[in-house]
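Letters A, B, ... mirror the listed sequences (proteins, then strands); counts begin at 1.
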Amino acid sequence: MSTYREIEINGEDIIIKEVQNFDLKDIFDCGQAFRWNKTESGSYIGVAFDRVMEVKKRGNDVILYDCSMEEFNKTWREYFDIDRDYSEIIEKLRVDETLKMACEFGNGIRILQQDPFELTISFIISANNQIPRIKKSIERISERWGRKIYYKGNEYFTFPTIDELKEAEVQDLEQCGVGFRAKYIYETIQKVLIDKEILNTIKAFEDDECHKGLVEFKGIGPKVADCIMLFSMGKYSAFPVDVWVKRAMMHFYVAPDVTLPKIRKFGRDKFGNLAGFAQQYLFYYARENNIL
DNA sequence: TGCCAGGAAAAGA
DNA sequence: TCTTTTCCTGGC
């Protein structure tokens, strides 16, 4: 289902009129992206797809600064999932009392569609890690191997391409603060160097096959695979079970001693092809409210 | 199947 | 200041 939205050009900027369920804090604080930061003016600046993007809300309008209609249609429309009607998803999920509460809390969430290679490396780093440190590691990797770009007089760095990372050694990666995950990142780089289309191939698979393909990488377990397929491969039956979702599920649905694979199966069976959305609402609700 | 090591820094006490 | 926890995976 897609809903028509009015898109306007205003000087150098794109204005998407009257967007519902689109809140910048919800989108960038729900743990799916690591390269966006809030500015003093209330906008968010991030690096994605080789450029710096600044986004701001004005009423219910979304402004994308310095962006042509062509670029918007080619890249950001899909990235911000503009054509999806989230009220329809919330309508279906809110029959469940817990989800009703979680959806109301995080009603501005959108699941971004990011670059599979960047997401794969980023979520390998995320394993048993915390967000400030994950962000720092990704910044260091970008500074070291990415391309320097400028926005409003400030320096930014693109996330490196596979070719830019081909010389990276385990030791170099360790210097970026990724710790024991360095060898997993190194092995993933080698694997992608051998077959540069491997992530696109995996992306084209059905959801379960996609998950199987991803967990074959060192450093990618069930949780990280679910994140990669949900945030960069459009696989919405994914149900990443991290510490917060586990807490939320144990709090609201299942017995305290249930294993992670069982929680994952429970979530996927319960929410079907909306599992990924349900997970995001639950995760955000649980973490922001510090539920036990 | 279940347990635990594995960076280092944030968050909590 | 010190201790615990951290969006978990691999290997035993």
Output one line per pair: protein atom, nucleotide atom from nucleotides 1-5 of chain B, and distance, for all N/O pairs under 3.5 Å.
none

Atom P, compared across C:dC2 and B:dG7: separation rounded to whole Å: 23 Å
Matching residue for A:Y44 among A:F80, A:Y65, A:W36, A:F28 - test: ring-ring contact (aromatic ring centres under 6.0 Å, His included): A:F28
Whether over 12 other heavy atoms sit under 6.0 Å from A:E143 CD: yes
Enumerate, atom names and distances included, each donor-acceptor pair closer than 3.5 Å involving a side-chain atom of residues 256-263 of chain A, sequence neighbours excluded.
none

For atom NZ of A:K136 and atom P of B:dG7, their distance in whole Å: 18 Å
Pair A:D61 + A:K17: basic N to acidic O under 4.0 Å: yes
P-based separation of C:dG10 from B:dA9 [nearest Å]: 24 Å
Whole-Å gap separating C1' (B:dG7) and CD (A:E174): 9 Å
B:dA10 to C:dT9 separation - P atoms, rounded to the nearest Å: 23 Å
Criterion side-chain contact (heavy atoms from CB on, under 4.5 Å) against A:F277, the qualifying member of A:I89, A:I90, A:L99: A:I89
Trace of the side-chain contact (heavy atoms from CB on, under 4.5 Å) decision for A:F49 with A:T158: CA-CA 8 Å; A:F49 301 121; A:T158 61; over 6 Å; no
Ion pair check, A:R35 and A:E118, cut-off under 4.0 Å: no
Strand DNA chain B in bracket notation, Watson-Crick/G-U under 3.5 Å with | for pairs to another chain: .|||||.||||||
Cationic tip of A:R51 above A:Y156 ring, under 6.0 Å, 45° of axis: no
Protein-to-nucleotide contact annotation, 5' to 3' order, nucleotides 4-12 of chain C [B base; S sugar-phosphate only; - none; under 4.0 Å, heavy atom]: --BBBSSS-
Ring centers of A:F105, A:Y281 separated by less than 6.0 Å: no
Contacting residues from residues 108-121 of chain A, given that a heavy atom lies under 4.0 angstrom of DNA chain C: none
Pairwise P distance for B:dA5 and C:dT4, with rounding to whole Å: 15 Å
P spacing across the pair B:dG12 / C:dC7, given as an integer number of angstrom: 11 Å
Pairs flagged by ring pair (Phe, Tyr, Trp, His ring centres under 6.0 Å) wherever residues 194-224 of chain A is involved - sequence neighbours left out: none
Full working for ring pair (Phe, Tyr, Trp, His ring centres under 6.0 Å) between A:F231 and A:F123: CA-CA 10 Å; A:F231 303 141; A:F123 274 89; 5.6 Å; yes
Between C:dC8 and B:dA11 - P atom distance, rounded Å: 15 Å
Ionic contact status for A:K265 with A:D269, cut-off 4.0 Å: yes
NZ/A:K74: more than 12 non-hydrogen atoms of other groups inside 6.0 Å: no
